[in-house]
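Residue numbering restarts at 1 for every chain, and letters A, B, ... go by the order of the sequence lines.
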Protein chains: 2
Amino acid sequence: MRGTDMDSESILEQPYINITNIIWSFDQITSKVNILLVKRSNKPYNGYWALPETFMRTNESADEAALRLVRAKIGMALSNSHTEQLATFTNRLRTPEQRTLSLAYMTFLPDKPMLKPGYGASDARWFSMDYTESGYAFSDGELTFPTAQSQTESQYYAKLAKSSLSKAHLAYDHEWILKVACERIKNKLDYQPNILLVLGPQFTLKDARLVYAPFLKMPFELIDNSNFKKSHRHLFTDVGTSMSNRPGRPARVYKLSYLFP
Amino acid sequence: MRGTDMDSESILEQPYINITNIIWSFDQITSKVNILLVKRSNKPYNGYWALPETFMRTNESADEAALRLVRAKIGMALSNSHTEQLATFTNRLRTPEQRTLSLAYMTFLPDKPMLKPGYGASDARWFSMDYTESGYAFSDGELTFPTAQSQTESQYYAKLAKSSLSKAHLAYDHEWILKVACERIKNKLDYQPNILLVLGPQFTLKDARLVYAPFLKMPFELIDNSNFKKSHRHLFTDVGTSMSNRPGRPARVYKLSYLFP
DNA sequence: ACAATAGTGTCTCTGAGACACTATTAA
DNA sequence: TTAATAGTGTCTCAGAGACACTATTGT
């Protein structure tokens with residue numbers, strides 16, 4: 001039996017629970033940060049691009065569900081140190097029909113695998129991240145989805161409810177979720193930059209600056225290497241020298257000291 | 001119809017969804033930070049002390065539910081600027097019987113009202129916060145509940161599942177939730193100290209230091225007033241001078257500039 | 001006047017940022 | 001040797017913290 005609440009009213013029906021996962025990767029060729037988007041082939045928002053989602057099963061936690069989604073969609077089995085909770089989105093206006101909550105997580109892939117569409121999606125592609133004057137944008141060369149423009153949550157959902165979204169926008173409130181995600185990552189850059197996991201277990205300072213740059217809204221050349229090294233030495237452990245066949249002095253490689261001690 | 005997942009399996013049953021609210025206040029007499037705990041009179045954990053909880057209704061968001069809980073339990077109607085999301089707790093081991101998720105919020109009351117037990121609780125009391133070597137503790141003079149000792153989430157839940165909790169412990173995983181809450185507040189002290197809302201709309205620097213002290217695990221006298229003022233001037237706006245009938249120079253009063261511009 | 005309280009000024013040390021310089025590689 | 005890349009050293013400035021000093025109240 002469900003316990004009674006302090007309120008006299010009983011609960012008629014529960015909302016559904018979605019796990020939404022923002023899956024990050026890094027393209028070594030283009031040197032750009034990417035996220036995974038899928039084209040929905042279900043109602044609601046059939047034919048819209050969206051963040052990948054799944055439902056939670058009764059015998060798993062939400063972060064296990066997020067990792068299961070990665071395994072099913074990408075075919076990559078990761079430990080939960082590659083996943084972190086973003087936030088939970090519960091606004092009534094976030095779904096058009098059946099009330100659905102979103103438990104949002106982020107997963108950082110150690111490389112950028114090829115994709116194939118899965119169940120519930122007619123297409124799945126990587127979208128590379130860039131910054132704009134008013135926020136961030138994700139593009140696959142054909143389509144571009146900016147993050148939400150609104151400054152506050154209530155402003156955003158008020159607008160969302162007023163006008164029905166065109167297919168030039170992501171489904172649901174996913175543009176808002178992406179905005180929250182980018183800002184969270186930016187805020188953690190100086191004390192827990194888990195986003196660097198997209199570079200794999202080791203990385204050079206240049207790679208790290210390439211990842212930081214779009215979040216800081218600047219070209220990576222403007223991040224001074226000397227200063228960057230000094231202000232991050234408490235986070236990075238030197239683990240040797242990279243070998244490359246390109247001209248120029250080989251770069252040192254580092255690991256995240258708080259994750260791999 | 002519920003949309004189909006990318007996985008072929010369908011979902012048999014959904015977990016329940018609880019709203020858990022950590023309600024903070026400040027006692028002007030004892031100069032201590034307090035939280036509200038209730039003694040449960042329902043299964044499970046009947047007779048145990050716990051954080052106040054409620055269920056979400058279909059026509060409200062989770063933060064609205066948290067504020068409704070405050071209204072019902074305390075009789076105080078607050079705006080959502082007094083509430084913030086903490087995290088969502090989904091571990092399978094967190095509830096003994098029926099699987100239940102907790103969407104955890106924090107509410108900062110502008111004063112410390114008298115309490116009366118409500119539905120689902122045989123008692124409700126304020127517990128004042130103190131720090132210990134290994135964390136924090138909340139006491140009402142009779143009972144004391146420390147925050148969880150474990151350093152990681154998986155460690156905590158492994159221990160929780162192994163031994164059944166005595167009534168000297170809080171119900172469910174609430175000692176873990178409290179640990180996460182205290183650490184979150186501590187981390188935000190230098191850029192978004194919403195915890196100061198427990199002092200009401202205005203406060204003196206001494207009051208602010210009294211609130212900061214337990215989170216920083218030091219007696220408030222060790223927080224240098226001059227340095228504290230300098231390092232928080234970007235957050236506080238001077239709004240005048242307090243009047244007091246006590247000896248000593250009257251203190252200036254401030255407001256949070258990012259909330260009340 | 002004095003105790004009690006609160007606000008101010010100053011010194012030092014550390015860290016961020018600007019920027020010039022040195023080091024190591026492939027061709 | 002040169003272009004390309006990466007690492008190092010140094011100067012300045014701003015902020016954190018220790019601590020001594022001044023200011024304003026009630027009794």
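- Heavy-atom distances to DNA chain D give each of A:Asp224 and B:Ser231 a nearest nucleotide, and the one nearer the 5′ end belongs to A:Asp224.
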Quiz prompt | Worked verdict on A:Thr83 versus A:Thr107 for side chain to side chain donor-acceptor pair (under 3.5 Å) | solution = CA-CA 4 Å; A:Thr83 293; A:Thr107 301; 3.3 Å; yes

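- At a cut-off of 3.5 angstrom, the base of C:dA26 holds no donor-acceptor pair with the side chain of A:Asn245.
- The aromatic rings of A:Trp49 and A:Phe127 sit perpendicular to each other, their planes meeting at more than 60°, with 30° as the lower class boundary.
- OP1 and OP2 of C:dA16 both lie 4.0 Å or more from every side-chain N or O belonging to A:Lys230.
- Taking atom CZ on B:Arg252 and atom C1' on C:dT8, their separation rounds to 13 Å, with Å as the unit.
- For the atom pair CD1 (B:Ile23) and NE2 (B:His82), the distance works out to 13.0 Å, reported to the nearest 0.5 Å.
- In this entry the distance linking CG of A:Asp207 with C1' of D:dA6 reads 13 Å, nearest Å.
- With rounding to whole Å, A:Leu216 atom CG is found 14 Å from C:dA16 atom C1'.
- Rounding to whole angstrom units, CG of residue B:Leu235 and C1' of D:dG15 are separated by 14 Å.
- Salt bridge annotation for B:Arg233-B:Asp238: absent, with no cationic side-chain nitrogen under 4.0 angstrom from a carboxylate oxygen.
- Taking atom CG of residue A:Leu205 and atom P of nucleotide D:dT8, one finds them 9 Å apart after rounding to whole Å.
- Among D:dG7, D:dA23, C:dT24, the nucleotide with an atom closest to any side-chain atom of B:Arg249 is D:dA23.
- Both A:Leu222 and B:Tyr254 lie near DNA chain C, and the one whose nearest nucleotide falls closer to the 5' end is B:Tyr254.
- Following rounding to the nearest Å, B:Ile223 (CD1) and C:dA6 (P) show an atom-to-atom distance of 14 Å.
- Phosphate contact (OP1/OP2 of C:dG7, side-chain N/O of B:Asn225, threshold under 4.0 Å): present.
- If you check distances only, the side chain of A:Ser226 does reach the base of D:dG9 with a donor-acceptor pair under 3.5 Å.
- Residue B:Lys229 has its side chain nearest to C:dG7 when only C:dT24, D:dT25, C:dG7 are considered.
- Annotation: the span from B:Glu183 atom CD to B:Thr147 atom OG1 amounts to 7.5 Å, rounded to 0.5 Å.
- Of the two residues contacting DNA chain C, namely A:Gly248 and B:Pro250, the nearest-nucleotide position lying further toward the 5' end is that of B:Pro250.
- Between B:Phe236 atom CZ and C:dG7 atom P there is a gap of 12 Å when expressed in whole angstrom units.
- The side chain of B:Asn227 has D:dA18 as its nearest neighbour among D:dA18, C:dG7, D:dT5.
- The residue among B:Pro247 and A:Pro247 whose nearest nucleotide of DNA chain D lies closer to the 5′ end is A:Pro247.
- Atom CZ of A:Arg246 and atom P of D:dT2 are 23 Å apart (whole Å).
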